[in-house]
Amino acid sequence: MLARRVFAIWLGGILAWQTVAHAQSLVPETTLARHGLTRAWRAQIDLNRSIDRIAYITQFDGALYVQTKHGMVHALDAETGKKLWSAQIGKTSQIAFAPGVNSQYLAVINGTTLHVLDRVSGRQKFERVLKGSPGTGPVLSDTMVFVCRVSGLVEGFDLEDQHALPWVYQAAGRISTQPVLSSGSLAWTTDRGFFYVGDADPPKVRLRVETGAEIASRPADWAPFIYACSLSGFVYALNEETGQTPWKFPAGSTISKQPAAINGEVFVVRDAGGMFALDGHTGDRRWFAPNITQFCALSASRVYAIDSLDRLAILDSQRGTLLATMPLGDVQRKLINQQTDRIYLASDSGVLQCLRELSQAKPIVYIPPRLNRESGKSEKKKREEAKNEKEAPKEEAEAPAAENMPEEEKPADGAEENEEEAMPDEKKDGEEKNPFN
């Protein structure tokens, strides 16, 4: 009898703690209403709160994929919070990386094993043991899944033919940030300051630009430009159609966070604090907002960000002036949303919530323009060309020259830049070597 009472007291305490933790993770509706916001939905992610945490939140085509440190993946509807499916991917003891996703598949790396799942059902399609240590999460094109190793080797595996030989390319430097896919182009950066762009279907490296300083942040894209930020404090724009770098912007401090590119604007947050809004075509500074540490979302008239006190900062999108700030409570993760105007927040206790403006019942969806460099080619033709390229003797894997960089500017903090105008015709010692040549 005593044991039952003790158990009941213990269970009551646990439930009470969970209720308090859940309440602390939610912004009160009265606070939201004062700032013209409301909570669209909230959800509880199943996890062992004593040892597990939310590691990544990936957004794609109206869905959120929430991955925990122990490899559990939850798929949710991004507009309603409804759970679509959950699956344990790989072993709980292995390191998991941010998932990659396309219209059909979701790819997750657990330890040194690549898992490819059906995006709608969560059922596994295939898995593949990698021969080296991965450095980032995978990225998917329509026909390929790309994996970047720590050593700088990029491998592309056919999604339909698991027996096909992988496409490989040896980049200069270590790859520690997940690549991005833009209008059929694959873009990634390395710690030696190289910025690569290539075709994804079929895979082929086209451009390589050297910035002269380590790039620690993931690129962002809004066609025809791909944007990268270096630790020397510069923002670079690369035109994936022409290969030119029409502008670079000195931010005055190192930049290690991913920029956000939406509707032809680029939002860049410095490590020293403060956010720039830049014209994505010209690189002109539109405004600067001090004390900002992260971009969150863009609405019709507002920019939502996080300030140095971990509050939600509401800025005027035209002038960058601060309109209001709002405490967020027990929230540890804020999604950088470049796809809609929704604000997604998550706590270590597994509480996920979506905020929206009161007047915006339907989301504002941002769809980048799609380049059509090979509009005359069907997908079947492209796959045939890719197959022929695999069967044919491989030539040396070098990309064509990139256009001249802008005039040299002095990097921040006394760092020196050593930019190359084009990809060299001859390899430097210790740089790119393709073992499959």
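What's counted below: heavy atoms across the whole structure, side chains too, no hydrogens, waters or symmetry copies. The chain is numbered in sequence order, starting from 1.
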Can you check whether L130's main-chain N or O pairs, donor with acceptor, with T112's side chain at less than 3.5 Å? no

Verdict with supporting geometry, T58 and Q67, side chain to side chain contact (heavy atoms under 4.5 Å, CB included): CA-CA 8 Å; T58 302; Q67 181 173 335; over 6 Å; no

Would the distance check show the side chain of Q170 and the main-chain N or O of S151 forming a donor-acceptor pair, the cut-off being under 3.5 Å? yes

List the steps, then state whether side chain to side chain contact (heavy atoms under 4.5 Å, CB included) holds for E210 with F194. CA-CA 5 Å; E210 183 177 4; F194 286 94; 3.8 Å; yes

Correct closest heavy-atom pair for I364 and A300 would be CD1-N, 3.7 Å

With a cut-off of 6.0 Å (strictly less than), are more than 12 heavy atoms of other residues, nucleotides or ligands near CG of L309? yes

Quick one: does any side-chain atom of R49 pair with a main-chain N or O of G350 as donor and acceptor, under 3.5 Å? no

Flag the pair D348 and R53 as a salt bridge only when some basic side-chain nitrogen lies within less than 4.0 angstrom of an acidic carboxylate oxygen. yes

How long is the span from the SG atom in C296 to the CG atom in L335, to the nearest 0.5 Å? 8.0 Å

Using modelled atom types only, decide if a donor and an acceptor are shared between the side chain of R42 and the backbone of V351 within a distance under 3.5 Å. no

Working for side chain to side chain contact (heavy atoms under 4.5 Å, CB included), residues M72 and Q88: CA-CA 4 Å; M72 192 73 181; Q88 175 65 48; 3.6 Å; yes

Ion pair check, D199 and R206, cut-off under 4.0 Å: yes

Ignoring hydrogens and geometry beyond distance, is a side-chain donor-acceptor pair present between D201 and T143 at under 3.5 Å? yes

For the pair R123 (side chain) and D118 (backbone), establish whether a donor and an acceptor sit closer than 3.5 Å, ignoring hydrogens and angles. no

Looking at every heavy atom in both G320 and W287, which two are closest together, and how far apart are they? CA-CD2, 3.3 Å

What heavy-atom pair brings I292 and V269 nearest, and what distance separates the two atoms? O-CG1, 3.5 Å

When you compare the side chain of P219 with that of T189, does any pair of heavy atoms fall below 4.5 Å? yes

Once rounded to the nearest 0.5 Å, what's the spacing between atom OG of S217 and atom NZ of K257? 11.5 Å

Is there a donor-acceptor pair closer than 3.5 Å between any side-chain N or O of S256 and the backbone N or O of A216? no

Side chains of L312 and L37 in contact at under 4.5 Å (non-hydrogen atoms): yes

Which label fits Y344 and W41: parallel for a plane angle under 30°, tilted from 30 to 60°, or perpendicular past 60°? tilted

What closest approach, in Å, do V27 and Q353 show between heavy atoms, and which atom pair accounts for it? N-OE1, 3.6 Å

Should P179 and F146 count as side-chain neighbours, where that means a heavy-atom distance under 4.5 Å? no

Check: N110 and K91 side chains under 4.5 Å, non-hydrogen atoms: yes

Testing K334, H35, R342, E357 for side-chain hydrogen bond (donor to acceptor under 3.5 Å, both in side chains) with Y304, which one passes? E357

Taking the side chain as every heavy atom from C-beta outward, state whether S230 and K248 have any pair of such atoms under 4.5 Å apart. no

Geometric class of the W85/Y65 ring pair [parallel <30°, tilted 30-60°, perpendicular >60°]: tilted

With a 4.5 Å heavy-atom cut-off, do L117 and K125 have their side chains touching? no

Between D61 and Q59, does any side-chain donor sit less than 3.5 Å from a side-chain acceptor? no

In Å, rounded to the nearest 0.5 Å, how long is the span from CD1 of I45 to OG of S86? 7.0 Å

Say whether, by atom type as modelled, one donor and one acceptor occur between the side chain of Q338 and the main chain of I262 under 3.5 angstrom. no

Distance-minimising heavy-atom pair for I255 and A251: CD1-CB, 3.6 Å

Can you label the angle between the Y196 ring and the Y169 ring as parallel, tilted or perpendicular, going by 30° and 60°? perpendicular

E265 side chain vs L278 backbone, donor-acceptor pair below 3.5 Å: no

Would you give the length of the straight line joining atom CG of D316 to atom CG of L323, rounded to the nearest 0.5 angstrom? 5.5 Å

I'd like to know if the side chain of D77 and the backbone of K82 have a donor-acceptor N/O pair within less than 3.5 Å. no

Whether the S299 and Q360 side chains hold a donor-acceptor pair (N or O, under 3.5 Å, no angle test) is what I'd like checked. no

Quick one: are F276 and R270 in side-chain contact, heavy atoms under 4.5 Å? yes

Quick check on R128: does its CZ atom have over 12 non-hydrogen neighbours (other residues, nucleotides or ligands) under 6.0 Å away? yes

Hey, can you tell me if Y227 and W247 have their rings parallel, tilted or perpendicular (30° and 60° cut-offs)? tilted

So OG1 of T68 and CG of N48: to nearest 0.5 Å the spacing works out to 10.0 Å

With the side chain counted from C-beta on, respond yes when L32 and T38 share a heavy-atom pair under 4.5 Å apart, and no when they do not. no

Rounded to the nearest 0.5 Å, what's the gap from CG on D341 to CG on L355? Could you check? 11.0 Å

V205 and V154: CA distance, side-chain angles, deciding distance, side chain to side chain contact (heavy atoms under 4.5 Å, CB included) verdict: CA-CA 11 Å; V205 174; V154 182; over 6 Å; no

Smallest separation among heavy atoms of P134 and V150, with atom names: O-CG2, 3.4 Å

Test item: D284 side-chain N/O and D279 main-chain N/O as donor-acceptor pair under 3.5 Å: no

Parallel, tilted or perpendicular: ring planes of F234 versus Y236, cut at 30 and 60 degrees: tilted

